[in-house]
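Here the structure is laid out as structure tokens; the discussion comes afterwards.
Numbering of ligands and ligand atoms starts at 1, following listing order. Numbering of residues begins at 1 and proceeds along the displayed sequence.
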Amino acid sequence: DIYCGINNLFCSFIVKVLVLHTPIGVSSSKGIILSYKPLVEAKSLLIIDDVVASYSDSNKLCRLAEELGGVCIETSDYIVPAFIDPHVHPESLGFETEISITMEIKNRYELYEALRKNPIYVGEWILARFDHLLYSDCKPPTRRELDDIFPDKPVLLIHRSGHFGVLNTIGLRIASSHSGIGGGIDYENGFVFEKDLMLIREHILNRAGDEFMIKLLDKAIEQFVLNGVLTIGVAGCDTKLLNNLKTMDVKDNLLLRTYVYMILDKIDIKEIVREYVLSRLMYRKLRVNGVKVILDGALGPRTAYLSKPYSDEPTNNGVLLINRDDLYRIAMSVNEYGLQIAIHAIGDAALDIVLDVFEHLGTDVEKLQHRIEHASIVRDDQLEKINKLKPILVVQPHFILSDIWIHERVGEDRLKYVYRFKTLSNITTLAFSTDAPVEPVNPWRTIYAAACRGAYESLPIYKHTMSEKMNIIEALHSYTKLAGLALRDNRLGTLLPGCYADFIIVDKNPIEIREPRDLLDIRVLGNSVKIIKELTKN
Ligand SMILES: [Zn+2]
């Protein structure tokens, strides 16, 4: 009481410590899945300090917790390990959520009217999203029309795809005075594309201040939690984002276990090593794990680096953003400190370079759990190297359903090399993720995509790659335990003793589902993060 009177913060700290040290019993009459592979089930768990201490086939442990002065949580639904998404961009997810309310408007004059009445400010800018293919004339907004309504404030409207935007005149003026922006702008209409759009977005976000970024992160975290994802990997983090994550962790607002991969741009490897150590000493849920490197682009805009040209653009092989020698130097320096490197490689030619560099690291690749992000196209001759080196592959099964043009990009002959999840899971660690906001956060959708591969959507890829379908248990394993290994923490992804007690409550047993389409009906009813937060509050 005295401490509470003196210092509220310190008081809540004591209360938290007491609650965390209080034994928590959890029991389910339907059952608890502790691990998908091997399958381990129980009826109750004993949790101490956020970690599973023990499990039992009866609800004994719940009563034991109560006898020890703790609490018992009982449910008549299923308890399963929470999902882990090892490759996401939470600040972008929050940003998209923040400005997307206007996206379903079906007429551009209605869009203008909505913005006039309720402008969405990001700093001094007004931002919104649109989809002109919903309009009857299919015409996007233009600079002049925006000027009529907003003559004195900068406006940026971003198309649903994220590859195209529209600026008003003031916005255009600010954007073109910014260094590096300009190559891809149509000044007449105010249209801005690809990299220029990305730079403008970055500029707007950076000026908007830390408070705004924390608001975006809160929004993203809320979405992950509601969908049953309680751990994320931030695949590309700068110092501003890292500092905001630190602020949230200190204030106990970082609900997710958050493992971070830094972009080397403005920070050197020694500094990252320092953050690696510091995060483990000072923070509760935040961990700096290593370095993210982007080697090539993506298949949609034909920038993924391919060994043979695009089938629908025969003079284009895509782009390589870092040459082999530079990648080698970066990988060596990360490896020397024992940190993890995560390399974005979508095209098979980019993968060649990663595998070549990884061959020089030898057995360290497996020991230090180095990652390859995406690995979307893998030739047969590359499988052997992957099998030998055993990098962790972090893949996004939902790409199958989104990349409906993939057969045009790579041609029928190469379709068999695309998203080879079953084959890859047989030779190395395959972790599932969404790359959110690129793909939807909902894990059941990702598992459905991996299990069905576009069969119900009549996608051409299905016919060529149906043998790559994953069964549901394998998919759940890739989204829990193996995703935890991608974050280099073997306490993640199961509810076995010694592991983090990160669980979700669901209304159907996922391993009893026979028809993969039924996965989409599973509802997440609760999660350990909210339950523990609630206990702490009381
Ligand atoms: Zn990404």
(request) Anything protein N/O/S under 2.8 Å from the Zn ion (ligand 1)? Just list residue and atom, please. (result) His87 NE2, His89 NE2, Asp435 OD1
(request) Over 60° means perpendicular and under 30° means parallel, so classify the ring planes of Tyr419 and Phe399, tilted if in between. (result)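 Correct class here is tilted.
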(request) Give a yes/no verdict on a cation-pi contact between Arg207 and Phe212, requiring under 6.0 Å between NZ or CZ and the six-membered ring centre and an angle within 45° of the axis. (result) no
(message) On the six-membered ring of Tyr448, is Arg453 placed so that its NZ or CZ lies under 6.0 angstrom from the centre and within 45° of the ring axis?
(response) no
Using distance only, find each side-chain donor-acceptor pair of residues 269-278 under 3.5 Å and give its atom names and separation, not counting sequence neighbours.
residue, atom, partner, partner atom, Å
Glu275, OE1, Lys246, NZ, 2.8
Glu275, OE2, Lys246, NZ, 3.2
Tyr276, OH, Arg488, NH2, 3.2

(request) Would you check if Leu351 and Ile353 make a side-chain contact, meaning some heavy-atom pair closer than 4.5 Å? (result)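 Sidechains of Ile353 and Leu351: no contact.
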(request) Examine Tyr462 together with His464 and report whether their ring centres are nearer than 6.0 Å. (result) no
